[in-house]
Amino acid sequence: MTDDQLLVELPPRYCPVPVATHPDADLLESRGADWLTRYGLGGPRLWANDCAGFYGRIMPTAATERLQMAVDWCFLMFAFDDINCDEVAPSAAGRQFVDIATRVVRAIEVPDVNLGAGSDPFLAPVRDLALRAHKFGTPTQVRRLVEGHRAWYLGVLWELRCRLADVTPSLNDYAHLRQHTAGGLATTSWIEIVDGVEIPSAELDSPAVRALSELSFTIAAFDDDLFSYGKETWFAARESTPSHCKLNLIDIVAAERGLGVEDALAESVQLVNRMTYRFVQLRDAVLPSAGEPLRNYLECLSRLLRGNMEWGLLAQRYRNPDGHSPDAVHTVGSWTSEPPADAEVPPGIPSVAWWWDRELG
């Protein structure tokens, strides 16, 4: 490790879930990169995202042709996030983001809709994906995909509000909104379409399964905060005007609890470990009575937890922050099978306390 490289060491993550990679990951990655490049959206970060590695860990046995939809979506939405959210000043991002986000949602909803003579480069690939989703998915599955994008973009608008006000949100607000700012539902809505079987609404919308979905989205998003913390720190050290708006779990815990970085990191991992324990506990209560489509969905959510973390620790998106500084950031982590301390005690975060309601299971 050289002096200009940043090292972040994470405390052990509790996640007793096996994970595998898709056997056609290389093919899926190559096709996805070629697909995005055809729409003029390729760039230096294109190969840094390992989209097939991400979704291939969630659905390692999926049919390759159907899984390609989700992989292509990952390529497109990473580009969307970089161009319309991360790399735009907050004042400009609000105008730019709202315009394109509303068009993206409408194009997914009705692929053949006439949205005027706009020249936004994202609409053509979104339409291509939407046509495939409508071809392979049921109307209910497509509606869930649309709702997932609406929830994601609403979360991004909340983030933009924080950035415009230059304030760090409370942990209570961040805890229940992080699942949306990370596009949790938009990401996992592809599971049903790729799998080819619709989950009955009575099962998917039940309180226990809704809690499991929210837990998995939030755990994955908080893990994103853990393995992207080095990247954010790297960028922050190069800002001419430091921002008071911190949108990372570690920074928010540090600010709210008055902790240093090391203690905030430890407390953040402890929180995610307790959430993971609750997910496993609740999942095991739901599985015995779950139908096959719901069982497949819950297995995918389980693999998301560990697969997302393994993917993030390796992805060059986080190790090479600006696309021009290879291995500038190293984040290392490990796993533990030991349940966290106070595993069954809900954390003192009112907005998500219902995940621990006893009647759920």
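Residue numbers run from 1 in the order of the sequence given.
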Query raised in the report: Mind checking whether Pro121 and Tyr39 have side chains closer than 4.5 Å, heavy atoms only?
Result: no
Query raised in the report: Closest heavy-atom contact between His134 and Ile108?
Result: NE2-O, 2.8 Å
**Report entry** Parallel, tilted or perpendicular: ring planes of Phe97 versus Tyr153, cut at 30 and 60 degrees
**Finding:** perpendicular
Query raised in the report: Any Lys/Arg nitrogen of Arg38 or Asp34 sitting under 4.0 Å from an Asp/Glu carboxylate oxygen of the other?
Result: no
Query - Any side-chain heavy-atom pair of Met77 and Trp152 under 4.5 Å - result: yes
Query raised in the report: Do you see a donor-acceptor pair shorter than 3.5 Å between the side chains of Asn320 and Ser325?
Result: no
Query raised in the report: For His244, does its backbone N or O pair with a side-chain atom of Thr168 as donor and acceptor, under 3.5 Å?
Result: yes
Return all side-chain donor-acceptor pairs below 3.5 angstrom for residues 348-361, not counting sequence neighbours, or 'none' if the list is empty.
from, atom 1, to, atom 2, distance (Å)
Ser351, OG, Asn172, O, 2.7
Ser351, OG, Asn172, OD1, 3.1
Trp355, NE1, Glu214, OE1, 3.0

Query raised in the report: Would you say the side-chain atoms of Trp311 pair up with the backbone N or O of Asn49, donor to acceptor, closer than 3.5 Å?
Result: yes
Query raised in the report: Are Asp72 and Arg132 close enough for a salt bridge, meaning some N to O gap below 4.0 Å?
Result: yes
Requested in this report: Please tell me if the side chains of Trp158 and Asp173 come closer than 4.5 Å, counting only heavy atoms from C-beta onward.
Outcome: yes
Query raised in the report: When clusters are formed by joining ILVMFWY residues with side-chain heavy atoms under 4.5 Å apart, either directly or through shared neighbours, do Leu123 and Val110 land in the same one?
Result: yes
Query - Polar side-chain atom of Glu159 near backbone of Leu247 as donor-acceptor pair, under 3.5 Å - result: no
Query raised in the report: Do Thr336 and Arg13 touch side chain to side chain, with heavy atoms closer than 4.5 Å?
Result: no
Report task. Give the intermediate values and the outcome of side chain to side chain contact (heavy atoms under 4.5 Å, CB included) for residues Trp335 and Glu310. Result -> CA-CA 10 Å; Trp335 306 98; Glu310 290 194 356; 3.7 Å; yes
Report summary line: Glu256 meets the side chain to side chain contact (heavy atoms under 4.5 Å, CB included) criterion, sequence neighbours left out, with Ser170, Leu171
Query raised in the report: Applying the 4.5 Å side-chain criterion to the ILVMFWY set and letting contacts propagate, would Val19 and Met309 be lumped into a single cluster?
Result: no
Requested in this report: Go through Trp190 and Leu145 one step at a time and tell me if the side chain to side chain contact (heavy atoms under 4.5 Å, CB included) criterion holds.
Outcome: CA-CA 7 Å; Trp190 286 103; Leu145 183 67; 3.6 Å; yes
Query raised in the report: Of all residues at least two apart in sequence or in a different chain, which pass the side chain to side chain contact (heavy atoms under 4.5 Å, CB included) check with Ala343?
Result: Tyr277, Pro340
**Report entry** Results of side chain to side chain contact (heavy atoms under 4.5 Å, CB included) for Leu314 - residues two or more places apart only
**Finding:** Arg57
Query raised in the report: Hey, does Met59 have a side-chain heavy atom less than 4.5 Å from the side chain of Arg66?
Result: no
Report summary line: dist Asp223:CG -> Leu305:CG (nearest 0.5 Å) comes out at 8.0 Å
Query raised in the report: Going hydrophobic residue to hydrophobic residue with side-chain gaps under 4.5 angstrom, can you get from Val261 over to Leu271?
Result: yes
Query raised in the report: Just checking, Arg319 and Trp234: is the charged tip under 6.0 Å from the six-membered ring centre and within 45° of the axis?
Result: no
Query - salt bridge (Lys or Arg N to Asp or Glu O under 4.0 Å) involving Asp225 - partner list, sequence neighbours excluded - result: Arg178
Requested in this report: May I ask you to decide if Arg144's main-chain N or O and His149's side chain share a donor-acceptor pair within less than 3.5 Å?
Outcome: no
Requested in this report: Please examine the side chains of Arg210 and Asp205, heavy atoms only from C-beta on, and report whether any two atoms are closer than 4.5 Å.
Outcome: no
Requested in this report: State, without any angle test, whether Ser213 and Tyr297 hold a side-chain donor-acceptor pair at a distance under 3.5 Å.
Outcome: yes
Requested in this report: Give a yes or no answer on whether the side chain of Asp50 reaches the backbone of Gly53 with a donor-acceptor pair at less than 3.5 Å.
Outcome: yes
Query - Main-chain N/O of Ala52 paired with Glu29 side-chain donor or acceptor, under 3.5 Å - result: yes
Report task. Would you check if the side chain of Ser30 reaches a backbone N or O of Asp26 as a donor-acceptor pair within less than 3.5 Å? Result -> no
Query raised in the report: So, do Val197 and Glu192 sit near enough that their side-chain heavy atoms are less than 4.5 Å apart?
Result: no
Report task. Give the cluster check for Val17 versus Leu282: same hydrophobic cluster or not, with ILVMFWY residues linked at side-chain heavy-atom distances below 4.5 Å. Result -> no
Requested in this report: Mark yes or no for whether Tyr14, through its side chain, and Met275, through its backbone, hold a donor-acceptor pair below 3.5 Å.
Outcome: no
Requested in this report: Go through the steps for Asn273 and Glu338 under the test side chain to side chain contact (heavy atoms under 4.5 Å, CB included), then give the verdict.
Outcome: CA-CA 10 Å; Asn273 284 346; Glu338 290 295 319; over 6 Å; no
**Report entry** Joint hydrophobic cluster, Phe279 plus Leu287, side-chain heavy atoms closer than 4.5 Å
**Finding:** yes
Query raised in the report: Does Thr102 reach the main-chain N or O of Asp99 with its side chain, forming a donor-acceptor pair under 3.5 Å?
Result: yes
Report task. Answer yes or no: is there a side-chain heavy-atom contact under 4.5 Å between Val71 and Cys51? Result -> yes
Requested in this report: Can you sort out the partners of Arg150 under salt bridge (Lys or Arg N to Asp or Glu O under 4.0 Å), two or more places apart, ordered by chain and number?
Outcome: Glu109
